[in-house]
Amino acid sequence: MPQDTEHRWERLTAPELRALAARDALVLLPVASLEQHGPHLPVWTDSLIGHAACLRAAALASDLPVVVLPPMWLGLSEHHLPFGGTISLDYDAMHRVLRGVCRSLKAQGFGRLFLVNSHGGNIDPLAVAARELCAEFAMPVVAGTVFRLDMPGIAALLDTQPGVQHACEAETSLVMHLAPELVRRKEIANALSGPAVPAPEGLHRFWSFAERAPDTGVIGDPRAATAEKGEKLLAVMAASLVAAMRDPVAWRRPHAVWQGGAAEPWAPPG
């Protein structure tokens, strides 16, 4: 397959990837999880969705040099452990993995990394990691969550919930579209959770999913899911990723605050 039509890192050769680095290609890393998604969806759900959204976005932005890494299937998912099927990192391990990716990319001439998240438990850790990596490597490292880049567009496609929740109408629809054979349709009727323990407003601490989604580990109503919704949801997510990929402010050179002279007036490159 010609290099200009193949976006998957693992399918390209080393010379082809060197050529992409020379073109200042944007590297997308889908950051996901391996965790329970109720009785009806596979534990691969977040990785499946995030990778598919990145590949669709790369295909849409055919005029841009873009390469998509294999999905990072380990995320921060310890809150799902009570339901089984979950493998989780802690923040230190996650940051070290991401740092290794950045270090490897920069050593090969790549200068931009988009951490494309598809798991709720990764949102806060990735925000911190992106800031730290951006400063350390003096390169744009941007984190964004596929479900949050166009929330009104996603909400307009759903009938029972305002946005993506967990193993819900949205995620079930997406898996029905991407890999229908993986959906345990007979279990969908048994997927609803009991009442959640309400979290005090404005306070932050660790909350197990056994507290947030008792009985099944599902938040939302997957009974409203359809493959047609999944196809439309994926299109919205991919389009929002393309918009982020084209945003000139997101990808300009960061201020090297840890280097000498950082206190002097600074302006972005012209």
Minimum side-chain heavy-atom gap Ser33-Trp73 below 4.5 Å: no

Does anything in residues 107-123 pair up under salt bridge (Lys or Arg N to Asp or Glu O under 4.0 Å), and if so which pairs, sequence neighbours excluded? Asp24-Arg112

Which pair of non-hydrogen atoms, one from Asn122 and one from Ala32, has the smallest distance, and what is that distance? ND2-O, 2.8 Å

Rounded distance [0.5 Å steps], NE2 in His255 versus SG in Cys134: 12.0 Å

Heavy atoms only: give me the nearest Pro82-Ala210 pair and the separation to one decimal. CB-CB, 4.2 Å

Could you tell me whether a side-chain N or O of Gln108 sits under 3.5 Å from a main-chain N or O of Ser104, the two making a donor and an acceptor? yes

Does the pair Asp92 and Arg96 meet the rule for a side chain to side chain contact (heavy atoms under 4.5 Å, CB included), with working shown? CA-CA 6 Å; Asp92 181 63; Arg96 287 175 180 272; 3.2 Å; yes

Between Glu35 and Ser77, do the side chains contain a donor N or O and an acceptor N or O under 3.5 Å apart? yes

Just how far is it from atom CG of Leu60 to atom CZ of Arg246, taken to the nearest 0.5 Å? 9.0 Å

Go through the steps to decide whether Asp221 and Thr160 satisfy the test side-chain hydrogen bond (donor to acceptor under 3.5 Å, both in side chains), and finish with yes or no. CA-CA 7 Å; Asp221 190 346; Thr160 64; 5.3 Å; no

Measure across Ala138 and Pro254 and return the closest heavy-atom pair with its distance rounded to 0.1 Å. C-CG, 3.8 Å

Membership question, hydrophobic clusters at under 4.5 Å side-chain separation (ILVMFWY): are Leu81 and Tyr91 in the same one? no

Is there a salt bridge (charged side-chain N to carboxylate O under 4.0 Å, His left out) between Arg252 and Asp247 once you walk through the steps? CA-CA 9 Å; Arg252 70 186 186 188; Asp247 188 331; over 6 Å; no

Which is it for Trp251 and Val142 under the side chain to side chain contact (heavy atoms under 4.5 Å, CB included) test, yes or no, and what are the steps along the way? CA-CA 8 Å; Trp251 302 107; Val142 177; 3.6 Å; yes

All side chain to side chain contact (heavy atoms under 4.5 Å, CB included) counterparts of Ala179, not counting sequence neighbours: Leu48, Glu181, Leu182

Drop me the distance from Leu233's CG to Leu174's CG, to the nearest 0.5 angstrom. 5.0 Å

Which donor-acceptor pairs under 3.5 Å do the side chains of residues 192-205 make with protein atoms, sequence neighbours left out?
from   : atom 1 : to     : atom 2 : distance (Å)
Ser193 : OG     : Pro214 : O      : 3.4
Ser193 : OG     : Thr216 : OG1    : 2.6
Ser193 : OG     : Val218 : N      : 3.0
Ser193 : OG     : Val218 : O      : 2.6

May I ask you to decide if Thr226's main-chain N or O and Ser173's side chain share a donor-acceptor pair within less than 3.5 Å? yes

I'd like to know whether Asp90 forms a side chain to side chain contact (heavy atoms under 4.5 Å, CB included) with Glu78, so could you lay out the CA-CA distance, the side-chain angles of the two residues, the decisive distance to 0.1 Å, and finally the verdict. CA-CA 8 Å; Asp90 57 25; Glu78 58 192 356; 5.6 Å; no

With clusters defined by side-chain heavy atoms of hydrophobic residues (ILVMFWY) lying less than 4.5 Å apart, directly or transitively, does Ile123 cluster with Leu113? no

Enter the distance from Ile49:CD1 to Met237:CE here, rounded to the nearest 0.5 Å. 6.0 Å

Whether Glu187 side chain and Arg184 backbone form a donor-acceptor pair below 3.5 Å: no

Quick check: is Leu20 connected to Leu55 through a chain of hydrophobic side chains (ILVMFWY, heavy atoms under 4.5 Å apart)? yes

Will you find, in the side chains of His80 and Gln36, an N or O donor that is under 3.5 Å from an N or O acceptor? yes

If you compare all heavy atoms of Leu241 against all heavy atoms of Ala57, which two are closest, and at what distance to 0.1 Å? CB-CB, 3.7 Å

Is the NZ atom of Lys106 crowded by more than 12 outside heavy atoms at less than 6.0 Å? yes

Looking only at heavy atoms, the pair that brings Cys54 and Pro30 closest together is SG-CG, 3.8 Å

Using the salt bridge (charged side-chain N to carboxylate O under 4.0 Å, His left out) criterion, which residues pair with Lys229? Sequence neighbours excluded. Asp159, Glu169

Gap separating the CG atom of Leu29 from the CZ atom of Phe114, nearest 0.5 angstrom: 11.0 Å

Backbone N/O of Ala129 and side chain of Glu132: donor-acceptor pair under 3.5 Å: no

Ring centres under 6.0 angstrom apart (His37, His119): no

Is any side-chain heavy atom of Met176 closer than 4.5 Å to one of Arg185? yes

If you define the side chain from C-beta out and look only at heavy atoms, does anything of Pro162 sit under 4.5 Å from Gln165? yes

Any side-chain heavy-atom pair from Val164 and Ile154 closer than 4.5 angstrom? yes

Do the non-hydrogen side-chain atoms of Met94 and Leu126 ever get within less than 4.5 Å of each other? yes

CD1 on Ile87 to CG on Leu34, rounded to 0.5 Å: 6.0 Å

When you measure from the side chain of Thr172 to the backbone N and O of Cys168, does any donor-acceptor pair fall under 3.5 Å? yes

What heavy-atom pair brings Phe110 and Val67 nearest, and what distance separates the two atoms? CE2-CG1, 4.3 Å

For a 4.5 angstrom cut-off between non-hydrogen side-chain atoms, does Val128 reach His95? no

Please tell me whether Val68 and Leu74 are part of a single hydrophobic cluster in this structure, the criterion being side-chain heavy atoms less than 4.5 Å apart. yes

Got Leu115 and Leu98 here, is their nearest side-chain heavy-atom distance under 4.5 Å? yes

Please tabulate, for the side chains in residues 143-152, all donor-acceptor contacts under 3.5 angstrom to protein atoms that are two or more places apart in sequence or on a different chain.
from   : atom 1 : to     : atom 2 : distance (Å)
Thr145 : OG1    : Asn117 : ND2    : 3.0
Asp150 : OD1    : Gly153 : N      : 2.9

By salt bridge (charged side-chain N to carboxylate O under 4.0 Å, His left out) - contacts of Arg99 (at least two apart): Glu136

For the rings on Phe137 and Trp258, is their centre-to-centre separation under 6.0 Å? no

Could you walk me through whether Val141 and Arg131 satisfy the side chain to side chain contact (heavy atoms under 4.5 Å, CB included) test, starting with their C-alpha distance in whole Å, then the side-chain angles of each, then the deciding distance to 0.1 Å, before giving a yes or no? CA-CA 7 Å; Val141 179; Arg131 290 179 56 180; over 6 Å; no

Is there a donor-acceptor contact under 3.5 Å from the side chain of His40 to the main chain of Ala167? yes

Are Leu89 and Phe83 linked, directly or through other ILVMFWY residues, by side chains that come within less than 4.5 angstrom of each other? no

